[in-house]
Amino acid sequence: MKDFPPPAQMPMRPPGTVMRLRRMGASFPTRLSFLRTLMRALASDNVKVTRPVWVMDANGYGHATYHLRLGGFDYTLIAVSTDLPPEMRTDRVIATAWDTTYVLYDGIPSQAEIDRVVATAPQQEAARFTARDLVLSRANKSVRLFNHVIDALRAGQQPNADKIRETGYLMRTTAVYGNGKFGIADRGHIAKRPFMGGPFMAEMLTVWLIRGFTHDLAEHVGGAELSREAKRHLGIGNSTGLGMAPFLVNHPMLLDAWMQVRETAVARVRAIPSLDAAQISRIYALVTRAAQHLAEWNVPDEIAAERITTLRREWPAFAATLTPDALTSQHPIDSILTQSAQWSVDTQELIAALMLEPFGELIDGLTDCMATPFHPTLDPSMPYSELTSMIDRDWDWACAIDYDDARECAQFWYVSEEKLEPRLGSRHIEVGAERESPLDIGRQVKALARDVPDSDMPVGRFLVENPQHRAAARRVQTLGRHPYAEIRDNLIGKDCLPIDLLRCKLAFFGAAKFDPKSDRWTRITLAQGAPLFDELDNADDWWLPVASL
Amino acid sequence: MAASCVAVMLALNEIGGMAQKAARGACIPLGQAEDLGRVAIYLAATGGNVSLITRALEEPYSPLALDWGADAVTVQSGQAALVAPALRDAFAMGYDTARLADPCHAPMVGAFLAEDGVALRWEGLDLTRSDTTVLPGTCKPVVIPDADWSAWARYAANTYVPETDASRLAGAGAGLTDND
């Protein structure tokens with residue numbers, strides 16, 4: 001067996017830089033994002049999507065199924081479309097009815113199974129599902145655009161291009177549940193299947209299939225076909241709130257895996273000694289595309305709009321630095337990324353994402369490392385002095401904070417009783433902090449750091465005398481081995497913006513066009529520009545898509 | 001005590017999540033609650049007795065105290081949820097023998113060590129490392145008695161915050177209707 005040396009790489013960007021909320025909140029999708037990985041998988045396996053069932057009335061209410069075979073396994077999206085009164089339409093988790101509901105089914109469903117899902121999917125969390133149900137989801141119409149599209153098609157016209165560009169989707173998912181929620185299959189059930197081992201593959205497959213369904217539904221109700229260009233630019237919206245925020249904190253090893261892959265990719269492209277003409281041309285094309293994407297990205301939120309304005313201002317100046325001399329020099333990408341420090345955090349992260357795009361052969365294989373079967377474990381044999389050294393090395397950001405200061409403990413995470421929904425409360429105004437969810441990782445570690453034993457002893461013995469520090473000790477040890485596992489900011493401080501957590505995770509999903517509605521929920525677009533069902537032979541060139549309408 | 005004849009079919013992830021929340025709701029420290037969640041999954045996935053979790057939740061608080069002998073570690077006091085992870089640590093630190101204060105804790109300690117891949121033999125209060133093979137879990141839905149699931153849900157509810165209109169609006173941040 002031959003041993004191939006790993007590709008050369010420069011030093012990775014340090015966790016102290018990368019794992020800060022503000023930078024995480026400036027994340028852009030990359031070719032390593034989960035939806036991109038899925039598209040490449042579908043293309044490589046020559047997947048064909050069919051629609052065996054279409055039972056819809058003239059108004060688009062009924063159900064449909066979409067089938068594909070991937071890696072030797074059958075998967076079927078069962079889609080249910082229901083007449084929803086407008087006053088019941090909400091993106092909140094507390095909603096009880098939706099325009100459309102979905103199950104990604106494991107296999108080819110019998111009629112009895114289709115009937116079961118048609119009856120239960122509209123109930124969502126109020127129903128129980130089975131291990132044949134892999135993903136549970138729901139989506140609401142973007143009412144203005146959906147109605148406009150229908151009206152245009154009925155009038156024999158294509159919808160207005162500006163309206164499509166402005167919204168970018170016909171429907172928004174408001175939850176995409178996987179991994180055992182409400183009785184659906186555990187992730188372990190499919191994790192070893194070809195192409196399904198990566199993070200959220202089943203969920204991404206569901207979203208992509210839902211997107212195709214929304215096109216079909218609009219065409220059905222409108223009575224005519226949408227142009228291919230319109231359909232390509234119509235992705236799937238998503239409303240993401242705090243439900244997603246604790247995930248990154250509660251899965252430190254997964255977060256480390258994602259970040260290590262991305263940062264390794266950045267380090268590899270930095271080590272590229274020189275670029276050929278095709279690669280240079282590609283970079284120029286992507287810079288132009290990014291500029292157009294920024295021009296099409298308009299949001300009402302003031303903070304987000306200001307960041308986009310900065311991006312739009314800096315981007316031409318950045319583009320001007322990409323002279324032929326610069327791109328034909330030695331280690332040009334390393335120079336570009338080093339010099340990017342002069343720009344805003346948002347521009348820096350856009351540049352980093354762009355520079356990964358032309359080098360799939362060099363970095364796409366890294367995505368195999370984005371899933372991890374491991375969970376944090378405690379090494380009780382470690383001497384406490386070594387734990388102290390780790391705290392001193394890795395947790396200065398946490399230990400420097402005075403958590404008794406009202407600003408530094410201004411917020412508390414909790415789970416609402418009514419809908420079991422994660423929320424963020426104001427500690428000094430609202431009740432409930434005594435039932436706080438333990439996302440105050442920095443504060444926990446500082447408390448651990450304060451309880452130093454009289455003599456050095458194994459951590460296992462220390463924890464017998466101080467059992468309350470078990471979780472914090474395990475997190476310290478985990479970070480020592482997995483340096484990107486922790487968000488290095490105070491998650492209960494006044495300045496914590498949950499939207500930064502959401503954006504980081506959503507960027508890894510492959511989302512773009514972040515449209516924050518507050519500091520704790522955002523709309524995004526997934527699969528915009530992605531191949532349609534019959535376009536998988538050209539499945540990979542849709543980073544930061546722009547409308548070709 | 002008669003076993004409940006009503007059962008609930010659950011995914012393993014649901015079991016682990018609920019057990020961990022229940023442990024926190026029973027005032028078990030976070031780290032031990034995390035461990036209990038993982039052991040609940042292990043018990044469910046191996047057809048083990050998940051009622052061990054319920055008993056651990058219901059056990060009154062007892063501070064943990066161990067005596068670290070040269071060859072064996074002896075439990076002086078402590079509830080199962082604290083003793084079991086501590087003894088797992090002790091075996092990971094090289095101990096092969098432990099002596100319990102309460103023989104009822106043996107199955108829970110055994111489950112903790114099995115989840116770590118360590119088999120135990122126990123007689124009365126004494127636990128010894130064994131060289132038998134630990135049963136691996138199977139990823140599939142599991143039926144657990146409703147009495148246990150209901151008990152876990154009751155404890156987990158201690159971690160939820162009742163809401164007000166203000167918290168519903170402010171806490172998650174979105175408006176109540178979405179018709180754009």
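Below, chain A is the first sequence line, B the second, and so on; all start at residue 1.
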Most heavy-atom pairs under 4.5 angstrom with chain A, which of B:Ile28, B:Val83, B:Leu30? B:Leu30

Using non-hydrogen atoms only, which part of A:Glu436 is less than 4.5 Å away from chain B: side chain, backbone, both, or neither? backbone

Cut-off 4.5 Å, heavy atoms of chain A, and the answer for B:Ala157 is backbone

Distance (rounded to the nearest 0.5 Å) between B:Ile53 CD1 and B:Gln20 CD: 11.5 Å

Could you give me the CA-CA distance, side-chain angles and deciding distance for A:Phe200 and A:Phe247, then say whether ring pair (Phe, Tyr, Trp, His ring centres under 6.0 Å) is met? CA-CA 13 Å; A:Phe200 297 100; A:Phe247 185 93; 5.6 Å; yes

Largest heavy-atom contact set with chain A, pairs under 4.5 Å, which of B:Asp35, B:Asp116, B:Leu10: B:Asp35

Partner chain B: residue of A:Phe146, A:Phe182, A:Phe129 with the largest heavy-atom pair count (under 4.5 Å): A:Phe182

B:Arg24 side chain to B:Thr159 side chain, donor-acceptor N/O pair below 3.5 angstrom: no

Given side chains that start at C-beta, do those of A:Tyr414 and A:Glu421 come closer than 4.5 Å, heavy atoms only? no

Side chains of B:His105 and B:Glu59: donor-acceptor distance under 3.5 Å anywhere? yes

Measure distances from A:Ile429 to the heavy atoms of chain B and classify the residue's part below 4.5 Å as side chain, backbone, both or neither. neither

Please examine the side chains of A:Gln477 and A:Met382, heavy atoms only from C-beta on, and report whether any two atoms are closer than 4.5 Å. yes

Between A:Arg89 and A:Asp99, does any side-chain N to carboxylate O distance fall below 4.0 Å? yes

Bottom line for A:Val459: the part with an atom under 4.5 Å from chain B's heavy atoms is neither

If we ignore angles and hydrogens, is there a donor and acceptor under 3.5 Å between the side chains of B:Thr54 and B:Trp152? yes

Who among A:Pro467, A:Ala131, A:Gly460 has the most heavy-atom pairs with chain B under 4.5 Å? A:Pro467

Answer with side chain, backbone, both or neither: which region of A:Arg461 has an atom nearer than 4.5 Å to a non-hydrogen atom of chain B? both

Which atoms of B:Met93 come close to chain A, meaning under 4.5 Å heavy atom to heavy atom: side chain ones, backbone ones, both, or neither? both

Counting heavy-atom pairs under 4.5 angstrom with chain B, the leader among A:Pro376, A:Ser416, A:Ala433, A:Pro498 is A:Ser416

Does the side chain of B:Glu58 come under 3.5 Å of the side chain of B:Tyr155 through a donor N or O and an acceptor N or O? no

Under 4.5 Å heavy-atom distance to chain B, tell me which part of A:His469 shows up: side chain, backbone, both or neither. neither

Which portion of B:Pro63 sits near chain A, non-hydrogen atoms under 4.5 angstrom: neither

